[in-house]
Amino acid sequence: MDRVAIIGASMTAFGDRDAWLLALLAEAGDAALTDAGVDGDDVDHLYVSNMASGEFEGQTGVPNALAHDLAAMPAYTARIDQTSSSGGAGIYAAWQSVASGASDLTLLVGGEKMTHRTTGEATDVIASLTHPVEYKHGVTLPSFAGLTARKYLAQYDAPRESLGKVAVKNHRNGLDNPHAQFRKEVDLETVLDSPMVADPLRLYDFCPITDGSAALVLCPESVAAEYTDDYVVISGVAGATDTHVVHERDDPTTMRGVVESAEQAYEMAGRGPDDIDVAELHDMFTILEFLQSEDLGFFEKGAGWKAVRDGVTDRDDDLPINTSGGLKSKGHPLGASGVAQAYELYQQLLGTAGDRQVDAEVGLACNVGGFGNCVTTTILEQP
């Protein structure tokens, strides 16, 4: 089977945008096509990663409308919804379309428009992804994060400050990302003194509500050089799920979806955790960076916090994590986040990340839906 290449990529500015979803998608889609040097009518398949366009702005039929706006007719279109991991699921779907031979050129665009809603309204839309048994009791993802963080800190004797250091690191990285929502550094005292949200997690332990879009253009690796000299290859990609009811898990600090999807992606790529040079993890909450870094095999269980404490995950150390600023600083427009993770790795592997640049030949992205309910792990490499 021919491997799949990414020959073009783009990302809009993330943040509070005046544009509505369709305009954001068109902005990213057009930029990715331009980056790849192709036109809309070259596209065979067009996928849109989006969780809740209907709930957030009453807009459906988005993929068809986008095909019109990008002059991509008569491309096959589909919307990919896998909650907050819709972007990663979109990468998997776009990869499948090319790897199967069904499409010679696939465009994936992920996006969400959220900031026009109040925090309460947006939180309720996101909370709707929880199991009905949990939702009817008012359970939200921040509450899961707080409970899990308390368990993790106690179980592994980790200081509260270790979570705050994730936020400090990722804000520092986001300062150099021109697309990030929050381009400012924060110190540990600011993080630890911010308002309590879900004990022990405070405001700066959470990512913001965000508008934005990102896009990728994919084709078979065998023809990638016909389009451009600058491309990366998807060497491994896999998805997995965990129990939808979080309290049914044997250990809430282990996300089986992360473990399973990573094992499959590593096997496909012929790689292991030690081969990864840079990673983009789904830090919707600071505690998730610890959990994913351990479940991906980067660190032993309970040692993720020590890696952050010791600077191992800093941009200039052994395993840079979230060089983009992560969801924490870059922002989290649900359907776009997984695609934006791949965009960051695309730039890192091509050596075009500017002040964020690290030395990397292999990168990994982990996009999480809900509180580990569904996960997609993707490995990208230089050809």
Side-chain angles (χ1 to χ4, degrees), residues 12-25 27-28 48-63 65-66 79-87 89-90 109-147 180-182 194-199 201-214 244-246 282-288 326-340 367-374:
T12 70
F14 278 14
D16 186 349
R17 299 288 305 273
D18 291 334
W20 291 95
L21 176 63
L22 189 56
L24 292 170
L25 296 172
E27 180 184 345
V48 172
S49 295
N50 172 263
M51 173 179 166
S53 63
E55 293 84 348
F56 278 122
E57 62 173 84
Q59 176 72 59
T60 59
V62 172
L66 182 61
R79 175 184 169 214
I80 309 298
D81 168 19
Q82 199 184 62
T83 67
S84 45
S85 64
S86 295
V109 189
E112 212 80 46
K113 171 66 177 175
M114 307 167 67
T115 61
H116 61 294
R117 294 297 194 121
T118 67
T119 299
E121 290 171 340
T123 299
D124 189 57
V125 170
I126 298 169
S128 68
L129 63 83
T130 61
H131 193 282
V133 170
E134 298 166 326
Y135 181 78
K136 72 179 182 181
H137 292 293
V139 172
T140 63
L141 296 184
S143 63
F144 283 138
L147 291 168
Q181 183 168 2
F182 293 140
S194 62
M196 185 71 72
V197 176
D199 187 33
L201 301 180
R202 295 177 177 269
L203 181 64
Y204 273 89
D205 288 292
F206 294 85
C207 69
I209 293 169
T210 312
D211 306 329
S213 182
H244 203 62
V245 179
V246 175
H282 190 101
D283 59 326
M284 185 177 184
F285 323 109
T286 52
I287 183 63
L288 287 186
L327 280 57
K328 178 68 196 74
S329 171
K330 180 179 57 185
H332 182 27
L334 303 168
S337 291
V339 185
N367 192 199
V368 174
F371 203 74
N373 305 54
C374 44

Minimum heavy-atom distance between [X] and [Y], given as atom pair plus value:
{"X": "Thr286", "Y": "Tyr204", "result": "CG2-O, 4.3 Å"}
{"X": "Leu24", "Y": "Ser213", "result": "O-CB, 3.3 Å"}
{"X": "Pro142", "Y": "Ala198", "result": "O-CB, 3.3 Å"}
{"X": "Gly331", "Y": "Ser337", "result": "O-OG, 4.2 Å"}
{"X": "Ala336", "Y": "Phe14", "result": "CB-CZ, 4.1 Å"}
{"X": "Arg117", "Y": "Glu121", "result": "CD-OE1, 3.4 Å"}

Measure the [atom1]-[atom2] distance between [X] and [Y] for me, rounded to the nearest 0.5 Å.
{"X": "Ser86", "Y": "Asp81", "atom1": "OG", "atom2": "CG", "result": "4.5 Å"}
{"X": "Asn50", "Y": "Leu25", "atom1": "CG", "atom2": "CG", "result": "7.0 Å"}
{"X": "Leu203", "Y": "Met196", "atom1": "CG", "atom2": "CE", "result": "11.5 Å"}
{"X": "Asp18", "Y": "Asp211", "atom1": "CG", "atom2": "CG", "result": "9.0 Å"}
{"X": "Leu288", "Y": "Phe371", "atom1": "CG", "atom2": "CZ", "result": "5.0 Å"}
{"X": "Lys330", "Y": "Phe182", "atom1": "NZ", "atom2": "CZ", "result": "14.0 Å"}

Open item on the list: Under the criterion side-chain contact (heavy atoms from CB on, under 4.5 Å), I'd like the reasoning laid out for Leu21 against Glu57: C-alpha separation, chi angles, the key distance, then a yes or no.
Closed with: CA-CA 8 Å; Leu21 176 63; Glu57 62 173 84; 3.1 Å; yes
Open item on the list: Ignoring hydrogens and geometry beyond distance, is a side-chain donor-acceptor pair present between Glu27 and Thr12 at under 3.5 Å?
Closed with: no
Task: Ser85 and Asn367: side chain donor to acceptor below 3.5 Å - done: no
So, does [X] use its side chain to make a donor-acceptor pair with the main chain of [Y] at under 3.5 Å?
{"X": "Ser329", "Y": "Gly326", "answer": "no"}
{"X": "Arg202", "Y": "Ser194", "answer": "yes"}
{"X": "Arg79", "Y": "Thr60", "answer": "no"}

Task: Steps toward side-chain contact (heavy atoms from CB on, under 4.5 Å) verdict (His332, Ser84) - done: CA-CA 9 Å; His332 182 27; Ser84 45; 3.8 Å; yes
TODO: Decide yes or no on side-chain contact (heavy atoms from CB on, under 4.5 Å) for Thr210 and Glu112, but give the supporting numbers first.
DONE: CA-CA 8 Å; Thr210 312; Glu112 212 80 46; over 6 Å; no
- [ ] Kindly assign one of parallel, tilted or perpendicular to the pair His116 and Phe56, based on the angle between their ring planes and the thresholds 30° and 60°.
- [x] perpendicular
Side chains of [X] and [Y] in contact at under 4.5 Å (non-hydrogen atoms):
{"X": "Leu66", "Y": "Pro63", "result": "no"}
{"X": "Leu334", "Y": "Thr83", "result": "no"}
{"X": "Met284", "Y": "Ile126", "result": "yes"}
{"X": "Val109", "Y": "Val339", "result": "no"}
{"X": "Lys113", "Y": "Thr115", "result": "yes"}

- [ ] Run the numbers on Asp205 and Val197 for side-chain contact (heavy atoms from CB on, under 4.5 Å), then give the verdict.
- [x] CA-CA 9 Å; Asp205 288 292; Val197 176; over 6 Å; no
